[in-house]
Visitor: 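Here it is: the structure, laid out below.
Counting starts at 1 for both ligands and their atoms, following the listed order.
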Amino acid sequence: MDRKQVVKKFEHHFAGQPRVFCAPGRVNLIGEHTDYNDGYVFPMAIGFYTTIAVFPTRDRKLYIRSENMDELIAIDLDANEKKRHHWSDYVAGMAHVLEKEGFRLPGASMLIESEVPVGSGLSSSAALEMSSALALLSTVGGELNSEKLALLGQKAENQFVGMNCGIMDQFISMHGRENHALFLDCRTLDYELVPLKSDALRIVICNTMVKHELGASEYNKRRAECEKGVLILSADYAGIKALRDVSFAQFQKVQHKLPPVVRKRCRHVISENERTLQSIAALNADDSATFGRLMNASHDSLRDDYQVSCAELDLLVKLARACDGCLGARMTGGGFGGCTVNLLVADKVEAFVEEVSKAYERETALHPDIYISVPARGAHEVK
Ligand code: GLA
């Protein structure tokens, strides 16, 4: 996003010479619904940013204008405000956790403009949290490292917004790097930036343009089912703390002891962790065909065992897989709508976009937005 334009818009609504911060959305290549099971994920930041121009005030109020919503919201930092079921909750939540960390915020005028499509499963909320975190911190001259900021973003979402998300989205929004995807161990937060170097391949994101309401409640339900699985499995495997600690072979030995639904959930998470590790190995060996097959297997497992897909996602995946040059296709993010991620041979992309959009439109009467994505830089100040 152009800094000059954002500043100009800010100056139209507020006084002061603002600083400008931005944070990106993300797409997850593989490792879905593994983060809150202490497992592995492999996302990359995408070139869609949420940008915030910010200037401190001295009245302990946040004046937040969203350009996308054409709306101005005021939040009183002394009023112990609760969530409003509104986009501003992510900013208010961030302010809330920063204050709890001991930063006394002076108040601020903020102008927000976002390129991350909302409700698309590309983490518009993490992008808003992380850009808010940098913007709010700047008003107190505070500094925190990126890992701590990601954790605070997750905390804001868990405790203030009430969505029990894992760490993936905030972490990649902070740590994204151009031309790299990020392999993250969600238990230790050790990570490795893996170059996505091949000129012959493209990451293509297809948006179903639907978001089913189920999302948040089903998400929290899945988490609870995984925890139940851990509890039952720990009778045989003493000391396990999360599904991350169980290998697929160990799971197979005792799976009959799990109730059918819990068994399916565990099978997804445990196999997805193994797939994620295999996909890194495949990438390091320049074996994109195997990487694509693992993406396909990931989708099938999310659809059949974890049951977080939906008709529109399954359709987009089916249409993609039928296209020439598509090495792998899967849903990405929490599910129940949003986007698919596809690994494509570069010179087949044009035909792919055409075929998939036409066929999807024919079957659903919806026109899917399609983005060809390169890994982007994480949250930063725009100078
Ligand atoms: C959402 C959550 C993440 C992660 C994914 C599923 O995006 O915010 O923490 O759990 O779903 O992989």
Visitor: Polar pairs, ligand 1 vs protein, N/O only, below 3.5 Å.
Guide:
unit_1: ligand 1; atom_1: 7 (O); unit_2: Arg26; atom_2: NH2; d: 3.0
unit_1: ligand 1; atom_1: 7 (O); unit_2: Asp169; atom_2: OD2; d: 2.9
unit_1: ligand 1; atom_1: 8 (O); unit_2: Asp169; atom_2: OD2; d: 2.7
unit_1: ligand 1; atom_1: 9 (O); unit_2: Asp35; atom_2: OD2; d: 2.5
unit_1: ligand 1; atom_1: 9 (O); unit_2: Gly166; atom_2: N; d: 2.9
unit_1: ligand 1; atom_1: 9 (O); unit_2: Tyr219; atom_2: OH; d: 3.4
unit_1: ligand 1; atom_1: 10 (O); unit_2: Asp35; atom_2: OD1; d: 2.8
unit_1: ligand 1; atom_1: 10 (O); unit_2: Asp35; atom_2: OD2; d: 3.4
unit_1: ligand 1; atom_1: 10 (O); unit_2: Tyr219; atom_2: OH; d: 2.5
unit_1: ligand 1; atom_1: 11 (O); unit_2: Gly334; atom_2: N; d: 3.4
unit_1: ligand 1; atom_1: 12 (O); unit_2: Glu32; atom_2: OE2; d: 2.6
unit_1: ligand 1; atom_1: 12 (O); unit_2: His33; atom_2: N; d: 2.7

Visitor: Identify whether the distance between the nearest side-chain nitrogen and carboxylate oxygen of Asp2 and Lys9 falls below 4.0 Å.
Guide: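 Judged by the 4.0 Å cut-off on N to carboxylate O distance, Asp2 and Lys9 do not form a salt bridge.
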
Visitor: Roughly how far, to the nearest 0.5 Å, is CE of Met209 from OH of Tyr360?
Guide: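 Atom-to-atom, Tyr360:OH and Met209:CE are 8.5 Å apart.
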
Visitor: Salt-bridged, Lys264 to Asp305, with N to O below 4.0 Å?
Guide: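 Salt bridge between Lys264 and Asp305, a charged N being under 4.0 Å from a carboxylate O: no.
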
Visitor: Return the CG to NE2 distance between Leu182 and His180, rounded to the nearest 0.5 Å.
Guide: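 With rounding to 0.5 Å, CG (Leu182) is 10.0 Å from NE2 (His180).
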
Visitor: Less than 4.0 Å between a side-chain N and a carboxylate O, is that true for Arg65 and Glu113?
Guide: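 Result for this pair is no, no salt bridge flagged.
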
Visitor: Should the pair Arg267-Asp300 be classified as a salt bridge under the 4.0 Å nitrogen-to-oxygen rule?
Guide: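 Between Asp300 and Arg267 there is no salt bridge, as every charged N stays at least 4.0 Å from the carboxylate O atoms.
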
